[in-house]
Amino acid sequence: MGRDPWDQEIADGLKKGTDDAMRHKDEIWMAIKERIHNEQVQKPAEPETRFAPRESKGRRRSGRRAAGWIAGTAAAAAIVLTVSFQTAPVQAFIDQVKEWFAPQKTVEQELEGMPETSVDQLHEGADYVIYIDESRFMMVHESGVDRIELKEKPTDDRYPEVFMEISQERIDPKSAAEQLQKELQTYPKVEANLVDEPIQGWEVRAVGGTGGKEWDDPVIRYYVFDNGQGGSFVVKQQYFLEASEGFGARFHNMMKEFHITSNHNGEATKE
C-alpha cells in the first residue's frame with residue numbers, strides 16, 4: 001500500500017516545525033482549544049434538543065479516530081504553526097482538530113433499528129477527549145480511572161451494572177490485551193482480536209453467565225490501544241447481553257469520538 005497523503009502532510013509539517021514549537025506543544029494545544037472556545041462563544045447559541053432516555057427492549061431493557069494518524073500534540077503543533085493553510089488537506093486537518101474540541105456535537109445514530117439524535121457534550125480526561133450524551137450518562141473521575149455511568153440507574157437488581165471505564169497502563173497494548181484475556185479465562189466465552197473499528201488496537205470480549213444463552217448474561221468488552229506515551233489506553237465496557245444493541249452500541253459509537261490529545265515520549269502513568 002502507498003503512503004497515506006495525510007501521513008505525508010503530517011511528516012512535512014513536522015520537518016518544518018521548530019524545536020521551540022515542540023517544547024511548547026502543550027501550550028499550543030491550550031491555545032487551539034481557547035481559540036475554538038472563543039469562536040463558539042461568539043456564535044449565536046443554538047437551542048439544545050433534549051431527548052428522554054428510551055428504555056431498552058428488556059426492561060424489558062473505528063479509534064480513537066486516527067489518534068496515531070495525527071501523531072499527537074507535536075504533529076498538530078508543527079502543522080498549525082508552520083504549514084501553509086492554503087492547501088486543502090492541511091485546512092481539512094485544522095477543521096478536524098477544531099471539530100474535536102467543539103464544546104458540543106450533534107450525534108445521529110441508529111439504535112435497535114431506530115434513528116436517534118442527541119447533543120453530546122465534550123469531556124476532557126488525562127490525555128484524551130470524548131463526547132458524552134449527558135441526558136443518559138455522567139463522567140466520574142476516580143483515582144487513575146475515569147468512569148462513564150448511567151445517570152439514572154435501574155432500581156431492579158436483576159439488571160447487571162452498565163458502565164465504561166477509561167484508564168492507562170504502562171505496558172504495550174498487546175501485552176495488556178494478553179493479560180486481560182488471562183484474567184477473563186473463568187468466563188464461559190472469551191475472545192481477543194485486532195480491530196480497526198471503533199479504534200485501532202485490541203478488543204478483548206467476554207460473556208459471563210451462560211455464555212450467551214440468557215438475556216442478563218454480563219458482557220465485558222475491553223479496547224486496548226497505544227497511548228502515544230509508551231503504554232496503553234484500556235477502555236472497559238460492561239453491560240448485559242440484551243442491551244448489546246442499546247448500551248453496547250452507544251458505547252461503541254462513543255469510542256468513535258475518543259481522541260488522544262498528547263503524545264509525550266515519557267512513560268504512561270497509572271495511579
Side-chain angles (χ1 to χ4, degrees), residues 56-68 109-113 125 128 130-133 136-137 139-140 142 144-150 153-154 158-227 231-260 268 270:
S56 52
K57 291 182 179 178
R59 199 151 159 197
R60 258 217 359 168
R61 331 188 215 215
S62 122
R64 63 199 153 127
R65 186 177 300 166
Q109 56 188 333
E110 184 171 303
L111 298 168
E112 299 175 329
Y128 74 90
I130 193 169
Y131 284 85
I132 298 175
D133 179 1
R136 292 182 172 84
F137 301 99
M139 171 77 84
V140 179
E142 300 176 347
V145 178
D146 294 335
R147 183 181 174 96
I148 300 171
E149 57 186 40
L150 296 176
K153 300 177 182 178
R158 292 182 305 156
Y159 295 95
E161 196 173 10
V162 174
F163 62 86
M164 183 163 79
E165 291 181 339
I166 303 169
S167 60
Q168 297 189 57
E169 296 280 358
R170 292 192 180 95
I171 58 179
D172 65 274
K174 185 174 185 294
S175 299
E178 290 174 347
Q179 180 176 307
L180 290 169
Q181 188 175 13
K182 290 178 181 178
E183 293 175 0
L184 295 171
Q185 286 306 310
T186 57
Y187 282 71
K189 184 177 180 180
V190 183
E191 57 185 4
N193 298 287
L194 280 169
V195 295
D196 294 321
E197 171 76 17
I199 54 88
Q200 291 185 346
W202 289 88
E203 177 192 55
V204 181
R205 183 176 182 271
V207 181
T210 65
K213 298 178 181 178
E214 297 293 336
W215 69 271
D216 60 346
D217 285 344
V219 177
I220 307 294
R221 171 179 272 120
Y222 284 96
Y223 288 113
V224 187
F225 48 97
D226 189 356
N227 68 357
S232 307
F233 269 106
V234 177
V235 178
K236 178 182 180 180
Q237 300 177 354
Q238 179 170 309
Y239 46 95
F240 50 97
L241 192 63
E242 194 172 276
S244 295
E245 296 181 7
F247 291 126
R250 292 185 195 280
F251 288 154
H252 179 89
N253 292 334
M254 205 178 292
M255 284 303 299
K256 292 179 180 180
E257 297 297 338
F258 182 103
H259 307 291
I260 290 179
K270 179 175 181 293

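These values consider heavy atoms only, across backbone and side chains, with no hydrogens, waters or symmetry-generated copies. These numbers were taken from a predicted model, which means no experiment stands behind them.
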How far apart are the C-alpha atoms of Tyr159 and Trp215, what are their side-chain angles, what is the distance that settles it, and do they pass the side chain to side chain contact (heavy atoms under 4.5 Å, CB included) test? CA-CA 10 Å; Tyr159 295 95; Trp215 69 271; 3.7 Å; yes
What closest approach, in Å, do Gly211 and Lys189 show between heavy atoms, and which atom pair accounts for it? O-CD, 4.0 Å
Test item: Asn193 side-chain N/O and Glu203 main-chain N/O as donor-acceptor pair under 3.5 Å: no
Which atoms form the tightest heavy-atom contact between Ile220 and Gln238, and what is the distance? CD1-OE1, 3.0 Å
Any heavy-atom pair between the side chains of Asp146 and Ile130 that's under 4.5 Å? no
Can you measure from CD (Glu257) to CD1 (Ile132) and round to the nearest 0.5 angstrom? 12.0 Å
Please find the pair of heavy atoms, one from Gly231 and one from Pro173, that lie closest to each other, and give the distance. O-CD, 4.2 Å
Looking only at heavy atoms, which two atoms of Ser232 and Ala176 are closest? And how far apart? OG-CB, 4.4 Å
On a heavy-atom basis, which atom in Glu214 and which in Leu241 lie closest, and how many Å separate them? O-CD2, 3.4 Å
Ile166 and Ile148: which non-hydrogen atoms are nearest, and at how many Å? CD1-CD1, 4.4 Å
Could you tell me whether Lys182 and Glu178 make a salt bridge, using a distance below 4.0 angstrom between a side-chain N and a carboxylate O? no
Salt bridge flag under 4.0 Å for residues Glu183 and Lys236: no
Assess the pair Phe258 and Phe233: is the distance between their ring centroids shorter than 6.0 Å? yes
Does Leu194 form a side chain to side chain contact (heavy atoms under 4.5 Å, CB included) with Trp202? I'd like the steps, not just the answer. CA-CA 5 Å; Leu194 280 169; Trp202 289 88; 3.4 Å; yes
Strictly under 6.0 Å, is that where the ring centroids of Tyr223 and Phe251 end up? no
List the steps and the verdict of side chain to side chain contact (heavy atoms under 4.5 Å, CB included) for Asp216 and Arg158. CA-CA 8 Å; Asp216 60 346; Arg158 292 182 305 156; 5.9 Å; no
Would you indicate whether the side-chain heavy atoms of Phe137 and Met254 approach each other to under 4.5 Å? yes
Glu197/Lys256 under side chain to side chain contact (heavy atoms under 4.5 Å, CB included): CA gap, chis, key distance, verdict: CA-CA 8 Å; Glu197 171 76 17; Lys256 292 179 180 180; 2.7 Å; yes
